[in-house]
Amino acid sequence: MSEPPHYCEGAAVVETGGGFFRPASRPARDFGVLLARSLAASGRDRPVQVLDGMAGCGIRALRYGLEGGATAVWANDADPDRLPLLERNLARLPAAVERQLSTATAQQLLAGCLVEGRRFDLVDLDAFGCPAALVPLALEAVAFGGVLYLASTDGRSATGHDRRAAVRRFGAAARAHPASWEIALRLQLGLLARTAWAMGRGLTPLLSFSEGRAFRTAVRLARHPAAGEEAQLGLVAHCHGCGDQQVQSLLRLGRWRPCACPGAVSDQGAIQSGPALAVSGPLWIGPLQDSATLVAMLQLAEGAGAHLDRPGRRLLERLRNDPAATPRCWPVDAIARRLGQGPPPLAQLVAALTAEGFAAAASGVMAGQLRSEAPWPVIVATARELVAATAAR
C-alpha cells in the first residue's frame with residue numbers, strides 16, 4: 001500500500017489528512033513560529049510553552065517545537081477522529097519537547113486551563129468563524145508578557161455586511177468602509193482590549209494582518225494596563241458623500257466636525273442636510289503593529305532553523321513599514337474618483353504629504369491604500385497637483 005501524501009513546510013513534514021487545510025495560510029504559520037522564537041530569544045527566565053487550541057493536522061504545533069524554540073507543546077483539536085493523525089505528526093517532535101494531545105472543544109480546553117491555573121507563553125487559536133466567545137478564557141490562558149495569536153474568518157459582520165451580528169459578537173457597530181480589512185482588525189482588537197481591561201490587564205498589539213479571508217491579530221498581555229491605554233479605544237466615521245474620515249477617542253468623545261460635502265454647514269455653522277456619517281466602533285484606534293517586534297521577527301528569520309517564505313517576508317516588511325498609528329485609509333482608486341482621472345503613484349503621494357508635514361504611509365494592511373493624518377481636502381488637492389504636474393511634463 002502507498003503511504004499517505006505528505007506536506008512539507010519549514011522544518012515540518014506532516015500528513016494533512018482529510019480535514020480542512022490551506023497551504024496558502026503559510027505566512028500566518030511562519031509568523032506564529034517567529035513570534036515564538038522572539039519569546040525564546042527575549043531572555044525570559046522560563047522555557048516557552050505553547051498551546052495550540054485548534055490544531056487541525058498539527059502542523060502549527062509541530063513547527064513550534066521544531067523551529068519556534070518551544071520546550072512544551074499542547075496540541076488540541078475538537079475532532080476526536082483527528083487524534084491518530086495528530087499523534088503521527090507530533091511524533092516527529094524532538095524527545096526534549098514535552099508534548100500533550102487532547103480532543104476537547106476550545107471552550108472546554110481553555111476552561112480546564114483556568115481551573116488548573118495553567119498559563120502559556122503563546123496561545124494560538126486559529127479559529128473558524130468569530131472567536132469572540134473564547135476571548136475571556138483565552139486571555140486567562142496567556143502568561144503575563146505572553147502572546148495571544150488569534151484568527152477569525154468572520155468577515156461579514158466585521159466588515160459591515162451583517163450589522164446585527166457585529167453588535168452581537170463585538171458589541172460594536174460595523175459599517176461599510178473603504179479600508180474594510182482594517183476596520184475588521186480594529187474591531188477584533190477593540191474586543192480584546194475591552195476584555196483585558198475588564199480583567200484588570202493591559203495589552204499591546206504586535207501584529208495585525210489579513211488576506212481578506214482570515215483576520216489575524218497577535219497581542220502581548222500585560223499584568224496592568226499602560227498609562228493612557230484606554231485612549232486607544234474610539235470610533236471611526238466615514239462620509240460616503242465626500243470621502244472624508246474622522247477618528248475620535250471615547251475618552252474625548254464630542255461632536256463630529258462638518259465634512260466637506262456641499263451644504264453640510266450653514267452660515268451659522270450648524271450641520272445641515274447631507275450624507276450621514278457611517279460610524280464604526282468602538283474599536284482600537286491605536287497602532288496595529290509593534291515595529292520592534294516586527295524588526296525582531298525579520299532578524300530572527302535570517303537565523304539558522306528559521307523559515308519565512310518570500311510572500312511572508314514581503315508582507316512582514318510592509319507591516320513593519322506601516323505601524324498603522326491612525327485608522328484613516330483611502331484606496332487610491334477612491335482618490336482617483338474624486339479627481340475624475342487617474343491618481344498619482346502612491347509612493348509620490350506619500351512623499352508629497354510627508355514633505356507638507358503630515359504623517360503618511362502606504363497601508364501595510366491593504367495594498368493600494370494611503371494612510372494619512374492629513375485633512376481629506378489636503379489629500380485630494382495634493383493628489384490633483386501631482387497629477388497636473390505629471391501631465392505637464
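Not measured: the values here are computed from a predicted model. Below, each value reflects all heavy atoms present in this structure, side chains not excepted, and no hydrogens, waters or symmetry copies.
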field: Trace of the salt bridge (Lys or Arg N to Asp or Glu O under 4.0 Å) decision for R313 with D30
entry: CA-CA 9 Å; R313 183 179 297 278; D30 287 348; over 6 Å; no
message: Is there a salt bridge (Lys or Arg N to Asp or Glu O under 4.0 Å) between R257 and D244? Walk through the geometry before answering.
response: CA-CA 11 Å; R257 60 174 172 75; D244 196 6; 2.9 Å; yes
field: Trace of the side chain to side chain donor-acceptor pair (under 3.5 Å) decision for T217 with Q188
entry: CA-CA 8 Å; T217 54; Q188 189 160 296; 3.0 Å; yes
task: Sort out for me which residue in R328, H238, H177 forms a side-chain hydrogen bond (donor to acceptor under 3.5 Å, both in side chains) with Q245.
output: H177
- request: I would like to know whether E87 and R99 meet salt bridge (Lys or Arg N to Asp or Glu O under 4.0 Å); could you show each step before the answer?
  value: CA-CA 10 Å; E87 290 174 336; R99 74 199 74 175; over 6 Å; no
message: Do L35 and L221 sit in one hydrophobic cluster, given that two such residues count as connected whenever their side-chain heavy atoms are within less than 4.5 Å of each other, even indirectly?
response: no
- prompt: Near R46 CZ, under 6.0 Å, is it more than 12 heavy atoms from other residues, nucleotides or ligands?
  reply: yes
- request: For E211, look at atom CD and say whether over 12 heavy atoms of other residues, nucleotides or ligands are found less than 6.0 Å away.
  value: yes
field: Residues, nucleotides or ligands: over 12 heavy atoms within 6.0 Å of F128 CZ
entry: no
Non-neighbouring partners of D124 that pass salt bridge (charged side-chain N to carboxylate O under 4.0 Å, His left out), sequence neighbours left out: R60
query: Is there a side-chain contact between T103 and R82, using heavy atoms and a 4.5 Å cut-off?
result: no
- prompt: Hey, does the side chain of R119 reach the backbone of A141 with a donor-acceptor pair shorter than 3.5 angstrom?
  reply: no
field: Short side-chain to backbone donor-acceptor contact, R37 and G69, under 3.5 Å
entry: no
- prompt: Are more than 12 heavy atoms from other residues, nucleotides or ligands located less than 6.0 Å from atom CZ of R88?
  reply: yes
query: According to the interplanar angle, ranging from 0 to 90°, do the rings of W330 and W376 count as parallel (below 30°), tilted (30 to 60°) or perpendicular (above 60°)?
result: parallel
query: Heavy-atom distance under 4.5 Å between the side chains of L235 and L250, does that happen here?
result: yes
